[in-house]
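Notes follow the structure.
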Amino acid sequence: MQRVFFIVRTIASICFAVSVCVYDAPLLAEELPSLGAIKNHDHSPVIVQSRPVIERLPVKVIEPVDLRIGKSGHIFIADKSARCVFRLGSDGDVSLPVADLSDIQRIQVDADENLYVLTSNSREAQLQMVNPIGQSIVLHELTFAATSFVRDTIGQFVVISKDANRIVVISTEGDVTELAQVYQPVSDVVLNAGGQTEALLMSGELIHIAASGEVTPSGFAPPGSSRLMLQPDGSMLVLAGRSNEHARLVSVSRDQVRPAEFLTFASVPQGTQAVGFDALGNLCLANPDLRAITKVTSHFRIPCPHCGRPTDMTFRKDAESAANATTRSF
């Protein structure tokens with residue numbers, strides 16, 4: 001992290017020095033610019049020709065199976081073998097909101113940073129909540145094995161059953177009912193930008209699941225894709241298979257017919273199990289093969305040297321031809 005701060009501080013200083021030079025030259029022949037001219041200066045994003053900053057975060061994981069980034073920037077990592085959930089702060093501080101919990105499958109974090117944990121063995125599953133001060137409560141005990149879940153905007157849980165391709169909903173009163181039954185296994189489930197439930201099937205098909213249980217096609221991804229994730233701008237990605245010894249983050253196609261090729265958003269190390277995005281769109285990767293949590297930072301927000309207003313800065317190795325850039329590789 002010190003390296004990131006040093007780079008950002010250095011670039012901000014350079015921007016300030018350049019601006020001083022620009023203003024000093026005309027002063028030899030003209031009067032000082034008016035305060036209004038300084039006040040109304042440009043704040044367009046700064047593009048820097050550089051590779052992203054890649055760092056291994058200071059948390060010792062064994063088998064990280066899921067990862068979420070909270071609104072405040074805290075990173076939550078579910079580690080199945082360590083039987084815990086790590087919480088990593090921006091200052092590198094590590095805590096354990098969940099410990100000594102077997103069979104962790106997935107986690108979710110809401111806007112208040114309440115943590116929801118799904119555990120499941122071959123016969124039954126459980127959902128529990130841990131609030132930001134560490135108090136935990138078992139919310140629901142289920143009589144079937146579960147693989148993934150989401151918590152919707154009104155507090156209901158949509159849970160994917162491991163067997164029988166069933167999708168169930170748990171109401172705010174705790175009632176468990178079958179929402180839909182699909183014709184093939186479900187790989188993942190997510191809330192889209194509109195707060196509606198979408199699921200990724202093993203075939204790469206995406207389906208929209210209405211509150212009534214009606215299932216309709218909603219897009220395509222490469223067959224065998226394992227995870228479905230939402231970017232801060234509302235667009236959707238999947239974690240797809242190998243390409244040149246790398247896994248890929250691939251943009252979901254919303255076409256009515258499966259495309260011949262999919263747009264690759266980024267290449268990530270083979271073995272990546274889960275991906276999270278912070279508010280600026282930077283990646284955080286959980287990889288059990290490498291036993292690592294890796295942060296890939298290419299988007300920064302720095303204070304303007306003139307007025308302190310937040311200004312976006314992007315590291316991009318293809319900055320000179322940015323208009324044609326479609327893929328990043330980490």
Side-chain angles (χ1 to χ4, degrees), residues 1-16 18 42-59 64 67-77 88-92 193 227-240 243-252 262-287 290 292-305 309-330:
M1 291 301 294
Q2 291 180 346
R3 180 187 174 196
V4 177
F5 296 148
F6 174 77
I7 293 172
V8 173
R9 186 175 62 185
T10 301
I11 292 177
S13 300
I14 293 172
C15 292
F16 177 74
V18 171
D42 184 37
H43 288 96
S44 58
V46 178
I47 306 297
V48 179
Q49 188 172 4
S50 173
R51 290 181 175 275
V53 178
I54 302 175
E55 55 184 328
R56 183 166 178 161
L57 298 185
V59 55
L67 181 149
R68 293 287 184 269
I69 301 179
K71 190 175 181 180
S72 67
H74 289 132
I75 302 171
F76 296 83
I77 305 128
L88 182 61
S90 57
D91 57 356
R227 292 293 177 97
L228 192 58
M229 65 208 77
L230 200 65
Q231 293 190 83
D233 64 3
S235 58
M236 202 171 291
L237 300 174
V238 295
L239 182 58
S243 175
N244 297 324
E245 301 305 319
H246 284 80
R248 297 179 298 150
L249 297 181
V250 175
S251 297
V252 164
F262 291 88
L263 179 64
T264 298
F265 173 80
S267 295
V268 296
Q270 188 65 29
T272 297
Q273 182 80 7
V275 179
F277 290 89
D278 68 13
L280 296 179
N282 295 306
L283 296 174
C284 199
L285 313 173
N287 192 315
L290 301 176
I293 305 299
T294 305
K295 183 76 180 288
V296 183
T297 307
S298 55
H299 301 284
F300 303 86
R301 190 156 286 163
I302 61 174
C304 171
R309 174 179 167 180
T311 301
D312 290 338
M313 179 176 66
T314 299
F315 283 8
R316 192 161 58 202
K317 64 181 180 180
D318 57 347
E320 293 181 351
S321 59
N324 298 322
T326 58
T327 302
R328 292 181 289 172
S329 180
F330 309 123

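Each residue takes its place number in the sequence, starting with 1.
With rounding to the nearest 0.5 angstrom, the CD1 atom of I75 is 5.0 Å from the CD1 atom of I69. K295 NZ to L57 CG: the interatomic distance, rounded to the nearest 0.5 Å, is 7.0 Å. In this structure, the separation between NE2 on H74 and OG on S90 is 6.0 Å, given to the nearest 0.5 Å. How far CG of L249 is from CG of L263: 11.5 Å, rounded to the nearest 0.5 Å. Interatomic distance, CG of L290 versus CZ of R56, reported as 7.0 Å (0.5 Å rounding). The CD atom of Q273 sits 5.0 Å away from the CZ atom of R227 when rounded to the nearest 0.5 Å.
Of all non-hydrogen atoms in A274 and L239, the two that sit nearest each other are N-CD2, 4.5 Å. Residues P52 and S298 approach most closely at CB-CB, 3.8 Å, considering heavy atoms. The minimum heavy-atom distance linking D233 with S235 is given by the pair OD1-OG, 2.6 Å. Annotation for R248 and V268: closest pair N-CG2, 4.4 Å, computed over non-hydrogen atoms. When all heavy atoms are compared, the tightest approach of A286 to L67 is CB-CD1, 4.0 Å. What you find for V250 and A240 is that their closest heavy atoms are CG2-CB, 3.7 Å.
Using a 4.5 Å cut-off on side-chain heavy atoms (C-beta onward), L228 and M236 make contact. Between V53 and F300 there is a side-chain heavy-atom pair separated by less than 4.5 Å. Residues I293 and P64 form a side-chain contact, since some pair of their non-hydrogen atoms from C-beta on lies under 4.5 Å apart. Residues T314 and P45 form no side-chain contact, since every pair of their non-hydrogen atoms from C-beta on lies 4.5 Å or further apart. Counting heavy atoms from C-beta on, the side chains of V46 and T311 come closer than 4.5 Å.
In this view, L280 and D278, N282, H299, R301 satisfy the side-chain contact (heavy atoms from CB on, under 4.5 Å) rule, not counting sequence neighbours.
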Q: Evaluate the criterion side chain to side chain contact (heavy atoms under 4.5 Å, CB included) for residue pair E55 and T297; output intermediate values, then yes/no.
A: CA-CA 8 Å; E55 55 184 328; T297 307; 4.3 Å; yes
Q: Apply side chain to side chain contact (heavy atoms under 4.5 Å, CB included) to the pair M313 and V48, showing each step before the final yes or no.
A: CA-CA 7 Å; M313 179 176 66; V48 179; 3.9 Å; yes
(Q) What verdict does the side chain to side chain contact (heavy atoms under 4.5 Å, CB included) test give for V238 and F262, after you've listed the backbone C-alpha separation in whole Å, the side-chain angles of each residue and the deciding distance to 0.1 Å? (A) CA-CA 11 Å; V238 295; F262 291 88; over 6 Å; no
Q.
Test side chain to side chain contact (heavy atoms under 4.5 Å, CB included) on T294 and L283; report intermediate values, then the result.
A. CA-CA 8 Å; T294 305; L283 296 174; over 6 Å; no
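Judged by distance alone, the side chain of D312 and the main-chain N or O of S44 form no donor-acceptor pair under 3.5 Å.
Using cut-offs of 30° and 60° on the angle between ring planes, the pair F277 and F265 is perpendicular.
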